[in-house]
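Below is one structure, written out as structure tokens, with a few remarks after it.
Within every chain, numbering begins at 1; the chains are lettered A, B, ... in the order of the sequence lines, protein sequences first and strands thereafter.
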Protein chains: 2
Amino acid sequence: MEDTSSRQTRDRILHTAAELFGQQGYSGVSMRRIADACEMKAGSLYYHFGSKDEILSEVLNLGISKVMAAVSQALDELPDTATAPEKLRAALAGHLRALLEYSVFTSANVRIFGQVPEVVRQANLDARRAYETLWDELLAGFHAGGALRADVDPRSLRLMVIGALNATLEWFDPARGDVDGLAARYADVLSHGVFRREGE
Amino acid sequence: MEDTSSRQTRDRILHTAAELFGQQGYSGVSMRRIADACEMKAGSLYYHFGSKDEILSEVLNLGISKVMAAVSQALDELPDTATAPEKLRAALAGHLRALLEYSVFTSANVRIFGQVPEVVRQANLDARRAYETLWDELLAGFHAGGALRADVDPRSLRLMVIGALNATLEWFDPARGDVDGLAARYADVLSHGVFRREGE
DNA sequence: GAATCAACCTAACGTTTGTTAGAGATCAGT
DNA sequence: ACTGATCTCTAACAAACGTTAGGTTGATTC
């Protein structure tokens, strides 16, 4: 990735568009608003992108690749001796950091994917499936290793976990709370449940 | 609530708008599209509603009141002898039934609340707070009764639970799965966690 | 049967939408 | 100083937007 001035404005457009899409929805944001926020005119956007859909598509794809990289890295940094609960917590933290801390693309993806034109949604599905596979393999490892309870389906668990994480976007403010602490609490509840055990 | 013919088309407009808003976002749906789906002309909508925002506002408020009624009823139908896990499961089932099975208003609310004009969001906040209080009281009851683990904060738990439930909207298809079963699995994971206990 | 009313339609308003063509600006290489 | 490429602007296009005023319809009331 070269770092020309053209590339910089291109990135700025994508970053701005992701922010606005996440706040107001796809149709709620016009090309002129994006251009305004980039201190440009609407027509100039078309030098860098062929259409509004093309911006959206790139925003969505970036969203998945960022969160996928974050989770992969979090898992890679773990020692080989890490237990299943430790791996789970690391993966949660990776996902939450991308979602809440540094990736407007990931948060935009989560927020607007459901209301995006069919064509663009299709173009994002491959990336999404790859990310889901990452999780499925992690959870399948837990399952195969006997760490998971036998009556917990790994695939359903993936949907539940990722869903629960994505929902934090609606209320968690990273400026007022610690993301890693949040991940730890989620991992704890998921691992051990919320109710006191008998005999405690 | 009288059942005049005017009231019926009014309800039809609200129902249709909720469906479309949930699928395409608020700005993604025009008055003409709503009117089309209702077999009317756009201008006629203004006989029943003062503006598009007014439709949206009513959709959002209906969404909360429906899910609140569903959870209240699910809890009321429980015998007084019900345990904390049983109450939790009943509340989850009520929320999920409204969200996934019969209330397009609730699902629309969950999907678009984050990207709605400021004024309309404010107008929905009172209802939302009332619903949150319902959950807070339930969980505070668990806490006071000693059912909850001491290191689990009831308020954080509420955010986690409702978020996890709302996220099912993105993948669960009520035509292909059993909502009560889903609620049972969620309640089970939340209650006891996903990992095998030592000594099992 | 004339008058009244609720419910809907028609036709238009001013604005905003995504997009395009072509004209300017900026700057590096010669 | 000139050329060419790169980047942005201006100005406009047709279409769609939310909204409104006034007319048409069919049923109800006197």
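The side chain of B:K52 approaches D:dT19 more closely than any other nucleotide in the set C:dC8, C:dT17, D:dT19. The B:M40 side chain lies nearest to C:dC9 when the options are C:dC9, C:dT17, D:dG18. Distance from the side chain of B:R32 is smallest to D:dG18 among C:dG18, D:dG18, C:dT10.
In this entry the distance linking CG of A:L45 with C1' of C:dT20 reads 13 Å, nearest Å. For the pair B:M31 CE and D:dT19 C1', the computed distance is 8 Å after rounding to whole Å. Note: NZ (B:K41) to P (D:dT19) measures 19 Å, nearest angstrom. Atoms CZ (B:R33) and C1' (D:dA15) sit 16 Å apart, rounded to a whole Å. Atoms CD (A:E54) and P (C:dT20) sit 11 Å apart, rounded to a whole Å. Rounded to whole Å, atom P of D:dT8 lies 11 Å from atom CZ of A:F49. For the pair B:D53 CG and D:dT19 P, the computed distance is 7 Å after rounding to whole Å. Rounding to whole angstrom units, CG of residue B:L56 and P of D:dG18 are separated by 12 Å.
Residue-to-nucleotide proximity on DNA chain C shows that, of B:G43 and B:S6, the 5′-proximal contact is made by B:S6.
Distances shorter than 4.0 Å separate some side-chain N or O of A:Y47 from OP1 or OP2 on D:dC7. Between A:H48 and D:dT6 there is no side-chain N or O to OP1 or OP2 distance below 4.0 Å. Regarding contacts with the backbone of D:dC7, every side-chain N or O of A:S44 stays at 4.0 angstrom or more from both OP1 and OP2. In terms of phosphate contacts, A:Y46 brings no side-chain nitrogen or oxygen within less than 4.0 Å of OP1 or OP2 of C:dT20. Contact between the side-chain N/O atoms of B:T9 and the OP1/OP2 oxygens of C:dC8 is found at a separation under 4.0 Å.
The pair A:D151-A:R149 meets the salt-bridge criterion, since a charged nitrogen lies less than 4.0 angstrom from a carboxylate oxygen. Salt bridge B:D180/B:R97: present, at least one basic N to carboxylate O contact under 4.0 Å. Ion pair B:R158/B:E137 not flagged as a salt bridge, since none of the NZ, NE, NH1 or NH2 atoms sits closer than 4.0 Å to an Asp/Glu carboxylate oxygen. In summary, A:D11 and A:R7 engage in a salt bridge, as defined by a charged side-chain N under 4.0 Å from a carboxylate O.
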A:R89/A:L92 under side chain to side chain contact (heavy atoms under 4.5 Å, CB included): CA gap, chis, key distance, verdict: CA-CA 5 Å; A:R89 174 174 155 166; A:L92 297 191; 5.7 Å; no
